[in-house]
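Input: a single structure, listed below in structure tokens.
In this chain, numbering begins with 1 at the start of the sequence shown. Just so you know, these numbers come straight off a predicted model, no measurement behind them.
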Amino acid sequence: QVQLVESGGGFVQAGDSLRLSCAASGQTFSSAAMGWFRQAPGKEREFVLGTRWSSGYTYYADSVRGRFSMSRDIAKNTVYLQMNSLRPEDTAVYYCAAAKSEIQIMVARAYDYWGQGTQVTVSS
């Protein structure tokens, strides 16, 4: 079993930056892709960004392109979501997800493992 644990959420002001972490633990796991999703109150979970490791290509939701990015530390088995120029509409619970195989990276149901989520609140 693989566990994903997010951390780094919090309460920030509009324009601030925040970095979320997603640490993988459990059985040895080499994901083919990882993604970040978010869910605001009363809304469906939406894709934020994701990367296929084989190509290194990152896909972005239009709403975050140019402001958010993802990186990883292989030694720590951790991926990061760097969020800059945060806006009140970025307020949501953020989830990281991992896939064992090449997938439709923007589709939540395609992922095999999920973290528990971390709350990000952006005040105006």
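In this structure, OG in S25 is found 8.5 Å from CG in N77, a value given to the nearest 0.5 Å. Interatomic distance, CZ of F68 versus OH of Y60, reported as 11.0 Å (0.5 Å rounding). Distance check: M106 CE to L49 CG gives 10.0 Å after rounding to the nearest 0.5 Å. In this structure, OG on S85 lies 9.5 Å from CG on D16, to the nearest 0.5 angstrom. Residue L4 holds its CG atom at 8.5 Å from OG of S31, rounded to the nearest 0.5 Å.
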Practice prompt. Please report the C-alpha distance between E102 and R52 in whole Å, then the side-chain angles of each, then the deciding distance to 0.1 Å, and finally whether the side-chain contact (heavy atoms from CB on, under 4.5 Å) criterion is met.
Written response: CA-CA 7 Å; E102 295 282 329; R52 288 198 179 98; 2.6 Å; yes
Fill in: Verdict with supporting geometry, W53 and R72, side-chain contact (heavy atoms from CB on, under 4.5 Å)
CA-CA 10 Å; W53 300 127; R72 69 171 173 171; 3.4 Å; yes
Worksheet entry | salt bridge (charged side-chain N to carboxylate O under 4.0 Å, His left out) between R65 and D62, intermediate numbers included | CA-CA 5 Å; R65 185 176 288 110; D62 290 341; 2.7 Å; yes
Item to complete: Please report the C-alpha distance between R38 and K43 in whole Å, then the side-chain angles of each, then the deciding distance to 0.1 Å, and finally whether the side-chain contact (heavy atoms from CB on, under 4.5 Å) criterion is met.
Response: CA-CA 10 Å; R38 65 187 182 187; K43 295 187 177 181; over 6 Å; no
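Contact detail for Q119 and T91: the closest heavy-atom pair is NE2-CG2, 4.0 Å. Between A14 and P88, the closest heavy-atom pair is CB-CD, 4.1 Å. T78 approaches S21 most closely through the heavy-atom pair CG2-CB, 4.2 Å. Scanning both residues, F47 and A61, for their nearest heavy atoms gives O-CB, 3.4 Å. The minimum heavy-atom distance linking Y111 with I105 is given by the pair OH-O, 2.6 Å. Heavy-atom minimum distance, C22 versus M34: SG-CE, 4.0 Å.
Y80 and R19 are not linked by any side-chain donor-acceptor pair at a separation below 3.5 angstrom, with hydrogens and angles left out of the test. Between the side chains of S71 and Q82, no donor-acceptor pair is found at a separation under 3.5 Å.
Of the residues listed (L20, V5, L81), the one engaging T118 in a side-chain contact (heavy atoms from CB on, under 4.5 Å) is L20, and it is the only one.
No side-chain donor-acceptor contact under 3.5 Å links D112 to the backbone of A99. For S55 (side chain) and Y57 (main-chain N/O), a donor-acceptor pair under 3.5 Å exists by modelled atom type. Using modelled atom types, one side-chain atom of E6 and one backbone atom of C96 make a donor-acceptor pair closer than 3.5 Å.
Within a 6.0 Å radius of CD in Q13, other residues, nucleotides and ligands contribute more than 12 heavy atoms. In this structure, F11 places its CZ atom where more than 12 heavy-atom neighbours from other residues, nucleotides or ligands lie under 6.0 Å away. Within a 6.0 Å radius of CD in Q116, other residues, nucleotides and ligands contribute more than 12 heavy atoms.
When hydrophobic clusters are built by joining Ile, Leu, Val, Met, Phe, Trp and Tyr residues whose side-chain heavy atoms come closer than 4.5 Å, directly or via intermediates, I103 is not grouped with V48. At a threshold of 4.5 Å between side-chain heavy atoms, the hydrophobic network of Ile, Leu, Val, Met, Phe, Trp and Tyr places W36 and V12 in one connected group. Side-chain heavy atoms closer than 4.5 Å link hydrophobic residues (I, L, V, M, F, W, Y) into clusters, and following such links, even through other members, never connects V93 to L18. Follow the hydrophobic side-chain contacts under 4.5 Å out from V2 and you reach V79 in the same cluster.
Cation-pi check for R45 over Y95 is met; the charged atom lies under 6.0 angstrom from the ring centroid and within 45 degrees of its normal.
Using cut-offs of 30° and 60° for the angle between ring planes, the F37 and W114 rings count as tilted.
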